Amino acid sequence: MVIANEFDYRRPDTLGEAIQILSEASGSVRILAGGTDVVAWLRDDVIAPDLVVDIKDVPGLHDLTFEDGTLHIGSLVTFTELIESDVIAEHAPLLAEMAGTVASPGIRNRATMVGNICSAVPSCDAGPVLLAYNATVHLAGPSGERTVEMSDWFTGLRRTARTDDEVVTHLTIDPGRHGGVYVKLMRYAGEDLAQASVGIVVSADHDYRIAFGAVAPTPIRSSRIEELLRGKTLDEALIGEAVAMVSGEISPITDIRASAEYRTHMTEVMLKRGLVAATERLEGTGPAYGTRLV
Amino acid sequence: MDLKIKINGEDWTLDVAPADTLLDVLRERVGTKSPKIGCERGDCGSCTVLIDGRSVRSCLVLAVEADGHEITTVEGISYDGLSALQTLFLENNSFQCGFCTPGIVLSATELLEQNPNPTRHDVQEALAGNLCRCTGYEPIIDAVLAAGDGGSE
Amino acid sequence: MTPTDTFLFEAESGNKDLESVGTPAVRIDGRDKISGAAQFVDDIDFGPGLLHAAVVESPHAYARIVSIDTSEAEKADGVVRVATGKDFPYKFGMYMEDRYIFAQDYVRFVGEQVAGVVARSHREAVRAAKLVKVEYEVLTPLLDPKAAVEDGAELIHPDLDEYTHVPWFFPKANTNIAHWRKIRKGDTEKAFAEADYVLEDTYTVPRYAHCAIEPHVTVSKLDFADRLTVWTASQSPHTQRHLFAEALAPLGFTHKDVRVITPYVGGGFGGKAGVSMEIIGAALATLVKGRPVKLRFTREQEFYNTYQRQGVVAELKVGVKSDGEITAVEHKLYWDAGAYVEYGANVVNAAGLSATGPYRVPNITNDSLCIYTNLPPGGPYRGFGYSEFHFGLESHMDRIAEAIGMDPVEFRRKNAIIEGDELAYGAAMNPSGMLEAIDRTAAAIDWGVEEESDNPNTVIGKGISLFWKAPAMPPNSSSASFLKFNEDGSINITVSGMELGQGYLTVMAQIAGEVLSVPVDKIRVETPDTDRNPYEWQTVASHVTWSSGLAVEKAAIEARAKIFDVIHQVYGYEDDSLYLEDEKVKCKTDPSFAKSLSEFVIDGIQTEDGTWRGGPIVASGKFMPEFTNANSDPETGQGGHPNVHYTVGATGVILEIDKETGRIWVRKAALAVDAGRAINPDLVKGQITGGLVQGLATVLYEDMRFDDDGKLLNPNFTDYKIPTAFDIPDEIIPIIVEVPQPDGPFGARGVGEHTMIGAAPVIANAVYNALGVRIKSMPITQEKVAMAILEQSGN
């Protein structure tokens with residue numbers, strides 16, 4: 001529906017100005033990047049902020065670079081930019097695979113990956129993949145800069161470690177040589193939210209990092225399954241053991257989108273197929289990134 | 001708030017409220033009616049416009065966010081007669097009620113700009129955010145594929 | 001049927017090759033639609049005086065309204081007027097007057113309109129609507145149709161026996177049964193006793209949403225001369241005018257004071273037939289004289305407060321002989337018709353008349369019950385009840401064939417209804433290409449050839465289903481047309497059928513162009529304005545190609561007669577020696593004669609004495625099916641002739657299923673429909689492709705989900721999943737069968753709705769074929785398939 005509530009709008013030119021506006025604001029504030037969540041929520045009356053701070057003019061937040069083994073992804077980098085980036089294709093194609101499952105091009109042209117994890121809905125596509133990548137979130141606030149590890153980022157349903165006066169400036173990832181996969185359960189082949197999802201990164205020394213989406217209040221890492229697999233080469237029996245642990249690791253709900261039983265079953269199937277694909281990709285074989293496994 | 005914006009090649013300066021979306025302003029202030037109001041939450045794609053050549057949901061863009069940018073709608077690509085793609089839409093019956101058509105034409109235009117020879121999968125991907133309830137998509141996909149086969153020359 | 005109706009087709013097509021009819025003419029609305037020029041209601045400018053309305057809705061499925069306090073809303077910025085049920089204590093309804101413009105003492109579904117706010121801006125209207133305070137006494141809703149027919153159930157409409165309704169409805173006083181359509185033919189009990197095999201089971205179908213991409217929108221204005229003009233996104237301009245005039249008659253309106261204008265419509269699928277939210281806008285406009293008022297439904301409102309496709313519980317019993325002959329069908333349909341059934345009751349009626357499906361059945365017991373529930377009003381949806389009962393029926397036919405060891409295609413071929421067979425209500429079946437449709441569909445999917453998947457995770461299945469459907473119309477529903485020539489020999493036609501996307505305007509141009517030898521691109525056919533365009537009942541029932549097409553054909557024939565008359569007056573040629581070719585009048589007896597239409601259709605022809613003959617050629621045509629009759633016996637359904645004819649066809653699919661995930665890919669789908677004559681084959685193919693995909697969506701992806709309090713949980717495209725460009729078959733094979741309809745224009749009959757009817761059961765049958773799992777409730781989602789496989793394997 002029409003956006004019924006009025007609000008003020010500011011578009012700072014510098015990071016310092018942005019932080020100042022946030023820290024001095026008296027009422028409720030929303031940071032606006034791509035806007036695909038924020039404007040939808042404004043329309044649905046889910047949020048009614050007094051002030052919206054548009055950070056798109058803040059310099060530096062669009063950066064997307066790879067230097068000294070570290071990938072730097074600015075908070076304004078959109079999903080489309082991830083898909084089209086040569087840097088991503090070379091060093092972290094899993095991010096492009098994930099980005100390709102987000103909504104549709106008209107959304108991906110605006111929506112940012114950082115915005116996705118700031119919205120922090122359980123089904124956010126970036127969550128499981130960034131967890132599996134052990135990404136680091138970089139924030140700037142009135143008392144300076146700080147970092148938060150992805151494993152500490154999600155603090156609850158739609159809640160994160162960011163405080164109201166902070167701006168996420170970028171993410172960093174040290175991808176190393178790896179194979180990865182993002183498997184997403186959708187109700188059909190077209191645009192859909194994840195009904196359950198699995199992100200896996202396998203390092204060259206067979207360190208498996210596994211995360212699940214939409215099967216708990218936040219995207220979660222599965223340390224027990226990771227522990228089981230650490231350093232080992234996969235075979236059918238080992239995969240079977242890992243799959244058998246899934247139901248103990250997740251706490252899906254039944255809602256109109258899917259039942260808890262189907263989410264659990266599909267998380268098992270996705271883990272099974274995902275482990276195989278990620279390992280094959282590590283070896284340079286397996287299905288091309290972007291291929292749907294379920 | 002002041003909004004300076006280029007719409008289909010024409011410069012506009014408008015006074016808008018922060019809560020006005022780009023879709024509201026295009027339709028009600030500028031009289032550009034081809035972007036349609038379908039779902040108002042980014043699901044259907046009938047409000048699709050191009051900002052600096054890339055497709056967006058104008059229902060999910062605040063008008064003030066578009067300040068300094070260039071907007072293209074179907075009106076903007078129809079000034080000099082129909083584009084090759086539009087002609088193929090006509091020949092393939094790639095529309096029925098026509099309500100989603102402006103958005104679909106723009107999404108397909110963006111695709112062909114980025115990828116002049118798309119596969120069927122590429123076309124489906126590019127159009128997956130534009131809902132059409134009438135055609136079953138098949139004739140739309142056919143037209144876009146035909147445009148990619150050199151039909152756009 | 002009258003001789004003129006019967007023989008128009010033969011008279012027209014018998015003596016020459018067709019030039020326009022039967023060709024894939026380019027759509028005459030095409031350029032408007034691909035250039036952005038096409039104007040929909042919401043695109044019309046009304047200037048700075050335009051007001052905006054917002055609706056206050058019930059949060060309860062069933063409640064008594066204790067009080068409404070509008071005082072805060074009235075004081076809010078920008079508010080011009082607030083209205084409640086007290087302002088409009090008037091009933092309305094299409095076939096049964098059971099609705100009010102705003103709720104009176106009770107609300108009967110979540111989302112029912114309780115009050116309306118008119119303000120200077122949309123934003124102000126929405127804000128003020130939140131300030132209207134309504135106090136409710138909340139009552140326990142009835143959400144299940146079978147519970148609603150139990151003895152002692154709360155009466156949702158206690159005054160049912162006082163409601164005005166059409167004569168072919170049979171409400172049961174002091175129950176929640178608003179209409180009970182019965183068919184009793186032969187002796188079902190005896191036939192079941194003598195059958196070699198009887199199968200009895202229950203199938204369930206949930207509610208569905210139309211999801212036209214254009215929401216309902218209306219702008220209404222009462223001017224200072226007391227004339228009410230309503231611009232609507234509607235399938236039914238004249239019916240809307242009629243219902244507005246009737247409902248608002250207490251305010252002094254007559255039909256001539258009410259004008260409905262309908263430009264292009266952004267999809268209908270039945271959802272924009274009749275009157276739903278439009279009456280709210282029309283009523284509010286009467287309170288703010290001189291100001292146009294716009295009411296545009298949000299996508300959420302579109303889901304919960306326009307018509308919905310009704311859910312149904314279908315109890316089906318079919319008996320056969322060991323050789324496969326069907327001897328008896330007993331079909332009980334319990335329809336969840338919702339809080340108001342003013343339109344939906346006729347869906348129930350139509351289904352009841354035809355619930356045997358396209359089969360020759362000597363013994364029939366059909367009971368189709370229209371049951372009030374506290375869910376949103378049911379109403380027309382492409383397929384009009386047939387999609388719903390075909391799901392169970394065509395699933396059942398496969399199961400019977402398997403049980404008696406017969407091939408499902410052979411079983412259907414053996415029992416398929418053909419020309420002359422007796423219908424459930426006693427009349428004879430019209431000519432049909434059913435057997436050809438079955439054979440061509442089966443061939444298209446290589447029926448009988450088993451296919452194996454290369455992928456170890458997937459299996460392949462095939463399925464087939466048949467469909468039939470008749471237009472459901474009052475027996476006297478009619479169509480009319482005006483036709484006029486312009487100076488250059490071009491033509492303007494006015495009709496009041498709606499261009500919903502199906503290509504109606506183009507088809508009308510092709511029909512007139514055929515008769516008058518004028519190319520389609522020289523013919524303009526305009527969308528309706530009830531002041532100027534002649535009458536059309538509604539654009540529903542897949543009847544306008546047939547009915548409006550006949551009206552246009554007759555207008556063209558009248559124009560041709562006037563043209564020949566001018567030639568006769570001036571040149572003396574006998575009328576029956578004249579014919580039209582290439583926009584010229586020619587003469588069989590004088591090959592040297594040729595007179596271009598553009599030379600005289602406005603200005604006439606000068607005679608030797610210097611005077612003129614002729615003048616502007618204008619004509620009109622009308623059509624009413626004078627052979628129909630809805631007066632059947634209430635207890636048996638025998639004696640009437642309620643349906644004009646049936647259109648038939650078959651659907652076949654090849655699908656692939658992932659055994660672990662349940663995901664279904666439709667690899668190939670074939671659909672054959674008997675169009676009688678495809679006036680424009682490309683447009684028929686468009687209906688096949690679009691209707692098939694819409695039908696597949698109802699079985700694979702969509703359904704409306706309500707909570708235990710009757711609230712719709714998925715009123716948006718995020719969770720009501722209509723197909724995207726990815727969610728279509730890999731290949732669709734459209735098959736057009738042409739067994740002419742004797743009374744149709746050039747033999748044509750309608751195909752628009754039919755193409756989605758066979759989709760649901762064909763998937764159910766193919767899923768069974770692939771997996772051995774029979775799913776008896778729609779939809780058949782990947783989740784449902786996966787869980788059924790798990791259950792089958794004992795996990």
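Predicted model, so just to flag it, every value in this text is computed and none were measured. Each chain gets a letter, A, B and so on, in the order its sequence line appears, and its residues count up from 1.
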Between the side chain of [X] and the main-chain N/O of [Y], is any donor-acceptor distance below 3.5 Å?
X        : Y        : answer
C:Gln235 : C:Gly270 : yes
C:Asn714 : C:Met704 : no
B:Arg133 : C:Glu214 : no
C:Thr651 : C:Leu671 : no
C:Ser236 : C:Ala273 : no
B:Arg29  : B:Asp15  : yes
B:Ser94  : B:Pro139 : yes

Are there residues of residues 121-130 of chain B whose heavy atoms fall under 4.5 Å of chain C's heavy atoms? If so, which?
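So far as heavy atoms go, B:His121, B:Gln124, B:Glu125, B:Leu127, B:Ala128 are the residues that approach chain C to under 4.5 Å.
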So what's closer than 4.5 Å to chain C heavy atoms on [X]: side chain, backbone, both or neither?
X        : result
B:Ala143 : neither
B:Gln86  : both
B:Ile141 : side chain
B:Ile104 : neither
B:Thr135 : backbone

What residue in [options] has the most heavy-atom pairs under 4.5 Å with chain C?
options                             : result
B:Pro102, B:Ser46, B:Cys39          : B:Cys39
B:Ile77, B:Val105, B:Ile37, B:Asn92 : B:Ile37
B:Ser78, B:Gly38, B:Ser34           : B:Gly38

Looking at [options], which one has more heavy-atom pairs under 4.5 Å with chain B than the rest?
options                                : answer
C:Ile732, C:Val265, C:Thr724, C:Val693 : C:Thr724
C:Pro215, C:Gly690, C:Ala725           : C:Ala725
C:Cys211, C:Ala37, C:Ala38, C:Ala212   : C:Cys211

Would you call [X]-[Y] a salt bridge at under 4.0 Å N-O?
X        : Y       : answer
C:Lys294 : C:Asp42 : yes
B:Arg57  : B:Glu65 : no
B:Lys33  : B:Glu75 : no
B:Arg27  : C:Asp45 : no

Which atoms of [X] approach chain B - backbone, side chain, both or neither, heavy atom under 4.5 Å:
X        : value
C:Pro729 : backbone
C:Gln39  : neither
C:Phe726 : both
C:Ile722 : both
C:Asp730 : backbone
C:Arg31  : both
C:His210 : backbone

Would you name the heavy atoms of C:Asn716 and C:Phe303 that are closest together and state the gap between them?
N-CE1, 3.5 Å
Might you work through the salt bridge (charged side-chain N to carboxylate O under 4.0 Å, His left out) test for C:Asp43 and B:Lys36, ending with a clear yes or no?
CA-CA 8 Å; C:Asp43 301 338; B:Lys36 306 298 184 200; 2.6 Å; yes
Taking it one step at a time, do B:Cys134 and C:Phe269 satisfy side-chain contact (heavy atoms from CB on, under 4.5 Å)?
CA-CA 9 Å; B:Cys134 299; C:Phe269 314 108; 3.8 Å; yes
Go through the structure and list residues passing salt bridge (charged side-chain N to carboxylate O under 4.0 Å, His left out) with B:Arg54, not counting sequence neighbours.
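So B:Arg54 forms a salt bridge (charged side-chain N to carboxylate O under 4.0 Å, His left out) with A:Glu84, B:Glu110.
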